[in-house]
> 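Can you read through this structure? Questions will come right after.
Proteins come first, then strands; the chains are lettered A, B, ... in the order of their sequence lines, and each starts at number 1. Quick caveat, the model's predicted, so the values are computed rather than measured.
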There are 4 protein chains.
Amino acid sequence: MSTAKSSLAAQRAGAPDKREAIVAAALDLFRHYGYRRTSMEDIARAASVAKGTLYLYFESKDQLFEAICRSLADELARALAEADARTLPLEEKLLALMEAKMGFVYDLIFSSPHASELIESTRQLPSAPFEEVTAMFHDAVLRLVRQGVRNGELDPKRAGLTEKEAAETLIAAAIGAEKAADETTFRKQLRSIVRLTLRGLRP
Amino acid sequence: MSTAKSSLAAQRAGAPDKREAIVAAALDLFRHYGYRRTSMEDIARAASVAKGTLYLYFESKDQLFEAICRSLADELARALAEADARTLPLEEKLLALMEAKMGFVYDLIFSSPHASELIESTRQLPSAPFEEVTAMFHDAVLRLVRQGVRNGELDPKRAGLTEKEAAETLIAAAIGAEKAADETTFRKQLRSIVRLTLRGLRP
Amino acid sequence: MSTAKSSLAAQRAGAPDKREAIVAAALDLFRHYGYRRTSMEDIARAASVAKGTLYLYFESKDQLFEAICRSLADELARALAEADARTLPLEEKLLALMEAKMGFVYDLIFSSPHASELIESTRQLPSAPFEEVTAMFHDAVLRLVRQGVRNGELDPKRAGLTEKEAAETLIAAAIGAEKAADETTFRKQLRSIVRLTLRGLRP
Amino acid sequence: MSTAKSSLAAQRAGAPDKREAIVAAALDLFRHYGYRRTSMEDIARAASVAKGTLYLYFESKDQLFEAICRSLADELARALAEADARTLPLEEKLLALMEAKMGFVYDLIFSSPHASELIESTRQLPSAPFEEVTAMFHDAVLRLVRQGVRNGELDPKRAGLTEKEAAETLIAAAIGAEKAADETTFRKQLRSIVRLTLRGLRP
DNA sequence: CATGAATGAGGCTTCATTCAT
DNA sequence: GATGAATGAAGCCTCATTCAT
């Protein structure tokens, strides 16, 4: 990711490269081996630092994990904001948002056999960072639904749903795609889910 | 401690009471505290047996976990078979199947804060037992879709999907409901998802 | 200490020998190397048990230490009670009490270069056990002083002290002997201190 | 951080300020938190220098501790010399010496809950500095006893002691006062001990 | 001289598993 | 079969010390 940037300035400021290296190494290991099967020793080795160095940047294994989650949440927020900024037809726009959100989860997390452990820990320790970006996502979908209603493209009432319920249902259904076994399946299922649920909301 | 207890019948069958007690205790603890935070000591205490006894019935903690999964898979299979045997209108029947499957996962597993850890472990260790019942479930939904097509109630082609793809999409979408925060939400979302996706498959 | 006593009964009761072995090993090591320079590993090795076994008998290093202090306090209490029970002339009786108390401290604790660390820790963690026996000791000396006054052997008022102050002063002065460099010096100094202070209290 | 500070004079002498600051900070921390609970990091922070700087002035944590002891020993030597120089009646003079010695220990060291740890370390690492001043103290008391004998105020033989033994006993008894729980008690007990032991040495 | 990031040995504790009774 | 005391590998974390800047 960061290739040629270890300028003197960066070095002076507490070697942020090292922090990044630790986060990267830890994320990689957590994804491949799970939280509990990854020891601080492993992380240190993977990041090419000494065990003690980890504790210069993170107070504990848990806090390192939390930092990773925050970092992931930030990245997800960026991807979502980008998708939200695009101007596209309804279905395309919804798909873009869904792909940003679910694809992120799928790619970075559920791609690993220990993803759910990551996600799980997410619920216990550092829920905050993810809650924020999740709220942002729900809001974007709700706005899209409202716009569709105004355009006459959608009519949630026909399906017995309020606008908000419709948005929540669209999201809930799309979440199912995260569990796809491979990326191709994931994209296909996500597209199908979006198409079917949108068709179900048509006037 | 326990010298002359348990009936002869129980004795003959290898004291199945004890094995069941262990499984029940372990399931309970795993659900409440997660796999890694539950020690064999805890399980033994909860099952009112000695630690060593656990190893008379299960080779290791992992194998105990696998046994739990098998037990859960059996229970799920029973619930699914029951739902599949009922005669109901298309939407009701699909909802019954979905509730059997997703509701089971939701109730028994996702209801706990450590559910995903359980599920995750599922993927690593004992995928087999769940794969079988999952295949059974997919088959039931596919049969339902085919029947709907024959009845003229569904037309996957209109949505650009084969019958099999339609079934997979219905399932994938419904899976999203598992993540609901509470049971009421779960049931509402599952119903909405089923309704919307089915509407999307109408001719 | 306990040579031939590991009867089956003893074994069954949680192998108290082992607990004693641990306490003995730990006391020895603490005395020779100090609390912080003695690792649980060292203690385990000296007691011929595995590291984990220590935690079957004591919750933590600190609690092991506290147990040692309690054990010492009990031993001291026994020695004091024994001395207090003897019938002797005033000076001899006082000396017997002092030797029981100061000698105990001297022998078991101050004999080691890390004694004060033991004592110090004593003040922080488990002061209770020692406080009790200390109170018992002060009480015994005070009773002795009062008896001396009744007998006409002592007259604290001549030195401007109440009976209680006289007792406290006798004790305080005797404490100084604990710091003697070797046992011979200790006994000689204690005797001299007792004699001089008692002479100072004569009518 | 500190670029252009400290006067040229200070610079020339090797910045003695800094060395003193370190010693002062370390003494303070050792007294409040004990040797092992005080990290080099803590000392550096309290002295407002970098951790590495400590090692420019002291080879190790132990040597820093030794330096502190030497510094304390010097201070004690000054106090003793001052008391020894005064012209006072026997009891007053002895009390002055005792207060200088025991009071110093009491104030600077036993005043802290970790005092004995300090004292203990004293015995291991840097006994030398304290031995010298201790010898000086014993010598002063011995001279005082001899002078008392010449004056006819004291007669150790009556108590069965040589002059040297009498001096050692006076000191040993006074040491007990160091353990007083508070300064008022300390002063009272020291005075009582001196009075009683001196009375015991009277002709 | 001064800095403080980096090091890594070493400490305490947990827990899955074994085995003598 | 049943027990639970014992084991010891492995984990997380601390901190005295070093060294490049």
> Of the candidate nucleotides dC13(F), dT17(E), dT3(F), which contains the atom at the shortest distance from the side chain of Lys51(B)?
dT17(E)
> Please report the distance, rounded to the nearest Å, between CD1 in Ile43(D) and C1' in dC15(F).
12 Å
> Could you tell me which non-hydrogen atom of Ile22(A) sits nearest to which non-hydrogen atom of Ala47(A), and how far apart they are?
CA-CB, 3.9 Å
> Just the rounded figure in Å: distance from C1' of dT7(E) to CE of Met40(A).
15 Å
> Take the protein atom NZ of Lys18(B) and the nucleotide atom C1' of dG1(F), then report the distance between them rounded to whole Å.
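Between C1' of dG1(F) and NZ of Lys18(B): 8 Å.
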> Using whole Å, report how far CG of Asp17(B) lies from C1' of dA2(F).
15 Å
> With a 3.5 Å distance limit and no angle check, can you tell me whether Thr38(C) reaches the backbone of Leu29(C) through a side-chain donor-acceptor pair?
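At least one qualifying donor-acceptor pair exists.
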> Heavy atoms from C-beta onward define the side chain here; which of dG4(F), dT7(F), dC13(F) lies closest to that of Thr53(C)?
dT7(F)
> With a distance cut-off below 6.0 Å to the six-membered ring centre and an angular limit of 45° from the axis, does Lys61(A) pair with Tyr35(A) as a cation-pi contact?
yes
> To the nearest Å, give me how far apart CG (Leu56(C)) and P (dT13(E)) are.
14 Å
> Of the nucleotides dT3(E), dA6(F), dC1(E), which one has an atom closest to the side chain of Tyr57(C)?
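Closest nucleotide to the Tyr57(C) side chain: dA6(F).
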> Val23(C) and Phe58(C): side chain to side chain contact (heavy atoms under 4.5 Å, CB included), yes or no, with the steps?
CA-CA 10 Å; Val23(C) 167; Phe58(C) 305 96; 3.7 Å; yes
> Anything below 3.5 Å on both distances counts as a pair; with that, list the stems of at least three consecutive Watson-Crick or G-U pairs involving DNA chain E.
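Runs of three or more consecutive pairs: E:2-21 with F:2-21.
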> Check the distance between dA10(F)'s P and Arg37(A)'s CZ and give it to me in whole angstrom.
14 Å
> For the residue pair Arg37(D) and Tyr33(D), what are the closest heavy atoms and their distance?
CB-O, 3.1 Å
> Provide, to the nearest angstrom, the distance between the CG atom belonging to Leu54(D) and the P atom belonging to dG4(E).
12 Å
> Starting at the 5' end of DNA chain F, which residue's closest nucleotide do you reach first, Thr38(D) or Ala50(C)?
Ala50(C)
> Which whole-number value in Å describes the distance from Glu41(B) CD to dT7(F) C1'?
14 Å
> Any sub-3.5 Å donor-acceptor pair from Asp42(B)'s side-chain atoms to Ser39(B)'s backbone N or O?
yes
> Side chain of Tyr55(A) only, please: which of dT14(F), dC12(E), dT3(F) is the nearest?
dT14(F)
